[in-house]
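Just below is one structure, and these are the notes that go with it.
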Amino acid sequence: MTKDTTLLLNSGNIMPVFGLGTWQLTKDTAETIAYAISLGHPLIDTSSDYGTQPGIGNGLRKSGVPRDKVYIVTKVEETDDAYQRTKANLEELDIDYVDLTLIHRPPPQGAGETLWKDLIRAREEGLTKDIGVSNYSIDLIDKLIANSGDIPAVNQIEWSPFGHSDEMLKYCNAKRIVIQAYSPLTRTKRLDDKTLKELAEKYGVTSAQILLRWNLQMGTVPIPKANQKRHLDENINVFDFELESKDMEKLSNLNEEYSSLGSLPYVEPPHLASNIFR
Ligand SMILES: NC(=O)c1ccc[n+]([C@@H]2O[C@H](COP(=O)([O-])OP(=O)(O)OC[C@H]3O[C@@H](n4cnc5c(N)ncnc54)[C@H](OP(=O)(O)O)[C@@H]3O)[C@@H](O)[C@H]2O)c1
């Protein structure tokens with residue numbers, strides 16, 4: 001696996017195995033994005049409510065890398081007209097299409113059937129190549145599929161050794177839905193964990209790199225956010241070591257359904273957590 005490795009989506013399109021998150025990356029966004037792209041970050045994650053879309057568009061142009069060499073993910077909010085919001089996202093980013101648009105979180109009622117229908121229209125018109133969901137439980141994905149016959153390409157959820165779900169992984173693998181792992185570094189809160197530190201020492205890397213590598217070897221796509229250059233350098237440098245299967249297991253066994261946001265929305269009823277995840 002290299003930073004240029006891709007995964008085949010259930011739509012037939014491909015998606016990079018690794019990306020950059022941009023929530024709160026509002027300081028020097030364009031410079032940071034251009035630098036991240038120059039290092040080879042193949043995917044950028046954003047959302048209509050992050051305030052980073054104009055900076056990402058500028059960073060992309062500043063980098064000089066062709067549009068089709070960087071995979072752009074954005075989102076619509078549960079209160080949006082998803083079709084209009086997709087158009088507005090393109091205007092903010094100042095690009096012709098995005099690669100993937102996600103429903104940011106399920107609405108308080110239902111599974112977001114109207115949002116989904118509008119995203120299907122946006123995809124048919126080429127505004128977004130793929131569509132998916134975020135913070136969805138198995139039950140809600142099933143409802144969306146039953147209503148539309150259209151399977152999301154991705155479910156973006158909080159995912160780390162400290163908080164993950166075998167049931168969700170099995171379900172997504174069976175439906176060929178890719179899990180994008182947000183807050184893969186636990187927002188730094190668990191970087192001092194003893195097991196992580198032991199493994200970091202064993203492999204001669206950092207705790208953050210162990211967390212990212214665990215995701216890559218799980219087949220889930222980590223999208224760590226980093227503003228600092230040294231973090232960007234470190235995070236992309238995870239393709240030259242491999243965790244032994246016993247260490248993968250040790251890491252997976254750290255699971256305590258931990259969430260840096262309070263609760264895992266795909267484990268807890270989503271409406272209880274709908275105000276906290278970004
Ligand atoms: N769909 C959703 O509801 C949802 C929810 C949350 C997040 N997300 C997406 O997922 C992305 C990532 O999640 P996140 O921002 O919540 O948390 P995260 O990526 O787990 O953690 C980000 C924090 O880790 C630090 N960091 C980065 N690399 C590091 C390294 N190598 N060593 C030590 N610290 C490091 C960053 O510092 P610096 O910035 O100072 O470098 C920042 O403080 C978001 O930016 C967003 O794109 C989506």
Item to check | Main-chain N/O of Ala34 paired to Ser63 side chain as donor or acceptor, under 3.5 Å | outcome: no
Next on the checklist: Could you tell me if Tyr35 and Asp233 have a donor-acceptor pair between their side chains, going purely by distance under 3.5 Å?
Outcome noted: yes
Next on the checklist: Tell me which one of Asp45, Asp80, Asn89, Thr86 satisfies side-chain hydrogen bond (donor to acceptor under 3.5 Å, both in side chains) with Lys75.
Outcome noted: Asp45
Item to check | Ile179 and its side chain to side chain contact (heavy atoms under 4.5 Å, CB included) partner, picked from Val154, Val221, Leu169 | outcome: Leu169
Checklist entry - Would Tyr182 and Lys225 count as having a side-chain donor-acceptor pair, cut-off 3.5 Å? => result no
Checklist entry - Going through the distances and angles, do Glu77 and Arg105 end up as a salt bridge (charged side-chain N to carboxylate O under 4.0 Å, His left out)? => result CA-CA 7 Å; Glu77 304 305 298; Arg105 56 185 80 77; 2.8 Å; yes
Checklist entry - With no hydrogens and no angle check, is any side-chain donor or acceptor of Ser183 less than 3.5 Å from a backbone partner on Arg187? => result no
Next on the checklist: Given Arg85, which partner from the list Glu92, Glu78, Glu91 fulfils the salt bridge (charged side-chain N to carboxylate O under 4.0 Å, His left out) test?
Outcome noted: Glu92
Next on the checklist: In terms of relative ring orientation, are Tyr258 and Phe162 parallel, tilted or perpendicular, with 30° and 60° separating the classes?
Outcome noted: perpendicular
Item to check | Sole residue of Asp118, Asp150, Asp130 in salt bridge (charged side-chain N to carboxylate O under 4.0 Å, His left out) with Arg123 | outcome: Asp150
Checklist entry - Has Lys170 got more than 12 heavy atoms of other residues, nucleotides or ligands less than 6.0 Å from its NZ? => result no
Next on the checklist: Tell me if a side-chain donor or acceptor on Glu158 pairs with a main-chain N or O of Ser260 at a distance below 3.5 Å.
Outcome noted: yes
Item to check | Neighbour count above 12 (heavy atom, 6.0 Å) for Glu198 CD | outcome: yes
Next on the checklist: Quick check: is Ile14 connected to Leu7 through a chain of hydrophobic side chains (ILVMFWY, heavy atoms under 4.5 Å apart)?
Outcome noted: no
Checklist entry - Mind checking whether Val133 and Val267 sit in one hydrophobic cluster, side chains of I, L, V, M, F, W, Y counted as touching below 4.5 Å? => result yes
Next on the checklist: I'd like to know if Tyr71 and Met1 are part of one continuous hydrophobic network [Ile/Leu/Val/Met/Phe/Trp/Tyr, side-chain heavy atoms within less than 4.5 Å].
Outcome noted: yes
Next on the checklist: Pair Arg67, Asp94 - check salt bridge (charged side-chain N to carboxylate O under 4.0 Å, His left out), show working.
Outcome noted: CA-CA 11 Å; Arg67 161 69 192 93; Asp94 197 8; over 6 Å; no
Checklist entry - Given the rule that I, L, V, M, F, W and Y join up when any side-chain heavy atoms are under 4.5 Å apart, are Ile141 and Ile138 in one cluster? => result yes
Next on the checklist: Do Ile145 and Tyr266 sit in one hydrophobic cluster, given that two such residues count as connected whenever their side-chain heavy atoms are within less than 4.5 Å of each other, even indirectly?
Outcome noted: yes
Checklist entry - Should the heavy atoms of other residues, nucleotides or ligands under 6.0 Å from CG of Asp96 be counted, would the total exceed 12? => result no
Next on the checklist: Is a donor from one side chain sitting under 3.5 angstrom from an acceptor on the other, for Thr52 and Trp23?
Outcome noted: no
Checklist entry - So with a 6.0 Å cut-off around CD of Glu167, is the heavy-atom count from everything else above 12? => result no
Item to check | Over 12 non-hydrogen atoms of neighbours within 6.0 angstrom of NZ in Lys202 | outcome: yes
Item to check | Neighbour count >12 (heavy atoms, 6.0 Å) for atom CD, Glu256 | outcome: yes
Checklist entry - Between Ser47 and His104, does any side-chain donor sit less than 3.5 Å from a side-chain acceptor? => result yes
Item to check | Donor-acceptor pair between Gln53 and Thr46 side chains, under 3.5 angstrom | outcome: no
Next on the checklist: Tell me if a side-chain donor or acceptor on Ser137 pairs with a main-chain N or O of Leu140 at a distance below 3.5 Å.
Outcome noted: yes
Checklist entry - Within 45° of the axis and under 6.0 Å from the centre of the six-membered ring of Tyr203, does NZ or CZ of Arg213 qualify? => result no
Checklist entry - Is there a donor in the side chain of Gln180 and an acceptor in the side chain of Thr220, or the other way round, less than 3.5 Å apart? => result no
